[in-house]
Amino acid sequence: MTILTEQTTPYDDQKPGTSGLRKRVSVYQQPHYVENFLQSIFDSLDGVGGKTLVIGGDGRFYNDVVIQIAIRIAAANGFGKVIVGQNGLLSTPAASHLIRHNQAFGGLVLSASHNPGGPDGDFGIKYNIGNGGPAPERITDAIFARSKVIDRYKITDAPDVALGEIGTQSSGEMIVEIVDPVAEYATLMQSLFDFEAIRKLFASGFRMTFDAMHAVTGPYAHVIIEDMLGAPKGTVINGTPLPDFGKGHPDPNLVYCKDMFDQLMSPGGPDFGAASDGDGDRNLIIGKNRFVTPSDSVAILAANAALAPGYAAGIKGIARSMPTSAAADRVAEKLGIEMHETPTGWKFFGNLLDAGRVTICGEESAGTGSDHVREKDGLWAVLLWLNVIAARAQSVDQIVRDHWATYGRNYYTRHDYEEVDAGIANKLVDDLRARLSGLAGQNFDDLQIAFADDFTYHDPIDGSTSAKQGIRIGFTDGSRIVLRLSGTGTVGATLRLYLERYEAADGRHDLETQAALAELIELAERLCGVRERTGRQKPSVIT
Ligand code: G16
């Protein structure tokens, strides 16, 4: 085996976004594109010699090709060992767990999450640090800076590794351990939840459907939900990971899981429906006749976490991303624990989790998780819901209604305008930003603006500051309009408009969400002009 030093020229578009570098597959297929980015990552890390790296992905098209390249570049850069999921598969939370469990130096997560796959779809590479979480901005900034000047990369000429064979192989001097992607993760889940109680729930006739969307959670869900928890075979649907996700869009929302939603809303449908995304970190929760918004789900899981053995001692604190509704804040207040508001991006939770300041984290973008790993975790959320349902012996609908009757309801929606011309989107945000300082105190019908700013986060643990994280317009009655540009899209710009209105515990909780927010939606248009300036009549997706 020889270590080769290959000459290359930089690409100018390798800036990691909210969660790694996500691009069209055709972009990744350009000569040396993958190699440049991987070498830029390794050049930005200190002392990788002899260290262990975890590598896995969601099985999407190009996963197998990039894994072989990554193994050869890791070997050439002096890593001592790589741990790879069998057939190149690891869900994002399972990768996070393996990094922590093996005290690895870090990991490469190959995924574009919920974005479509296949030759015409998207691909992504994300670097996670030794705590198992996504690299913080200081590292992603260094990777981008390096990618702009890179002129060579190191790679070996070792043959491909047999990704299907569990056990130990080598690639040049480096050890390659191929592991069962599910086993360690399943053991972790068993340590957190009351599997006996959930088994009894299924044995009593409780019916569930779990849509793995032909993505990475299929093997995990078959083992945990069907084999270990005894749900009938067939509970998990679309459970075989496919490189193009069966030509589907592996985003667990009401658009792409419409069939499941309809089933849950029909008489005779199952009691519980859930889904996860391409790489297994997002979740969708639907009870019979009750969709649970991700923001409510974080709050409800935090309020009930102590019913699961892994959290029986209580939770230390909660963190949510800024655009996520304030429902969880009310839970933290009642429990007398810390509450943190961070920018969008799971990486911002890492320091708080490491410092033991928070136990549960969540985002409006269908992400919930805890301190068991340093990523959001789709199946974890589903299992905690099952544990809560079993312990309370109530339906999802009853649990949600009880929650609102205790804490009040935060009506919440997100309107996405996808593939908008980037120039128009940036100008819209810039223009609004310029007007923010004059908005506080202004009245619109019966709403008064209490504050308007561009969110800046001051990390309480490492003192770092992250500015321009989204525009917030808050009203005196607790309502809120938030506008920001997505950091995960691959074509044009995606504008996200988040709307929230609070209804007290004794108020009306049975309104349809869009109707309950109609006044705020129109006010957002008057203030931000998204429809007018993009020429769109309506959002591309409403969640
Ligand atoms: C990623 C991040 C999340 C973020 C989401 C949406 O999730 O990990 O923290 O909330 O993107 O980000 P944006 O609004 O910038 O598009 P995933 O599931 O795509 O990895």
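First listed ligand is number 1; within each ligand, the first listed atom is number 1. Please read these numbers as outputs of a predicted model, since none were measured by experiment.
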A.B. asks: Work out whether the distance between some heavy atom of Glu364 and some atom of ligand 1 is less than 4.0 Å.
C.D. replies: no
A.B. asks: Would you mind reporting whether Phe123 and Val34 have side-chain heavy atoms less than 4.5 Å apart?
C.D. replies: no
A.B. asks: With backbone taken as N, CA, C and O and side chain as the heavy atoms from C-beta onward, which portion of Thr494 lies under 4.0 Å from ligand 1: side chain, backbone, both, or neither?
C.D. replies: neither
A.B. asks: With heavy atoms of Gly487 as the reference, note each atom of ligand 1 found under 4.0 Å away.
C.D. replies: 13 (P), 15 (O), 16 (O)
A.B. asks: Which residue supplies the protein heavy atom nearest to atom 20 (O) of ligand 1, what is that atom called, and how far is it?
C.D. replies: Arg22 NH2, 2.7 Å
A.B. asks: Answer with yes or no after comparing the ring centroid distance for Tyr62 and Tyr28 against a 6.0 Å cut-off, counting only values under it.
C.D. replies: no
A.B. asks: Crowded around Gln30 CD? As in, over 12 foreign heavy atoms under 6.0 Å?
C.D. replies: yes
A.B. asks: Do the non-hydrogen side-chain atoms of Trp385 and Val292 ever get within less than 4.5 Å of each other?
C.D. replies: yes
A.B. asks: Heavy-atom contact check, 4.0 Å cutoff: does Ser321 meet ligand 1?
C.D. replies: no
A.B. asks: Looking at the rings of Tyr185 and His97, which for Trp means the six-membered one, are their centres under 6.0 Å apart?
C.D. replies: no
A.B. asks: Taking C-beta and beyond as the side chain, do Leu436 and Arg472 meet within less than 4.5 Å on heavy atoms?
C.D. replies: no
A.B. asks: Quick check on contacts: which atoms of ligand 1 are under 4.0 angstrom from a heavy atom of Ser365?
C.D. replies: 4 (C), 5 (C), 10 (O)
A.B. asks: Is it true that Glu363 and Arg320 have a side-chain N and a carboxylate O under 4.0 angstrom from each other?
C.D. replies: no
A.B. asks: Number the atoms of ligand 1 from 1 as they appear, then name those within less than 4.0 Å of a heavy atom of Gly345, with their elements.
C.D. replies: 9 (O)
A.B. asks: At less than 4.0 angstrom from any non-hydrogen atom of Lys376, what atoms of ligand 1 do you find?
C.D. replies: 1 (C), 2 (C), 3 (C), 7 (O), 8 (O), 17 (P), 18 (O), 20 (O)
A.B. asks: Please identify which of these residues, Asn253, Leu254, Leu284, meets the side-chain contact (heavy atoms from CB on, under 4.5 Å) condition with Phe261.
C.D. replies: Leu254
A.B. asks: Kindly confirm or rule out an N or O of Asp279 lying under 3.5 angstrom from an N or O of ligand 1.
C.D. replies: no
A.B. asks: Report the part of Arg414 in contact with ligand 1, treating N, CA, C, O as backbone and CB onward as side chain, heavy atoms under 4.0 Å; options are side chain, backbone, both, neither.
C.D. replies: neither
A.B. asks: Can you tell me which residue and heavy atom of the protein come closest to atom 11 (O) of ligand 1, and the distance to 0.1 Å?
C.D. replies: Thr488 CG2, 3.4 Å
A.B. asks: Below 4.0 Å, non-hydrogen atoms only: which portion of Arg484 touches ligand 1? Side chain, backbone, both or neither.
C.D. replies: side chain
A.B. asks: Only heavy atoms count here, so choose which of Asp416, Thr344, Val109 is nearest to atom 12 (O) of ligand 1.
C.D. replies: Thr344
A.B. asks: Quick one: does NZ or CZ of Arg330 land under 6.0 Å from the six-membered ring centre of Tyr502, within 45 degrees of the ring axis?
C.D. replies: yes
A.B. asks: At a 4.0 Å threshold, what atoms of ligand 1 neighbour a non-hydrogen atom of Arg496?
C.D. replies: 13 (P), 14 (O), 16 (O)
A.B. asks: Out of all atoms in ligand 1, which are within 4.0 Å of some heavy atom of Ser113? Include the element for each.
C.D. replies: 17 (P), 18 (O), 19 (O), 20 (O)
A.B. asks: Heavy-atom distance under 4.5 Å between the side chains of Leu485 and Leu495, does that happen here?
C.D. replies: yes
A.B. asks: Hey, looking at atom 6 (C) of ligand 1, which of Glu363, Glu375, Arg282 has the closest heavy atom?
C.D. replies: Arg282
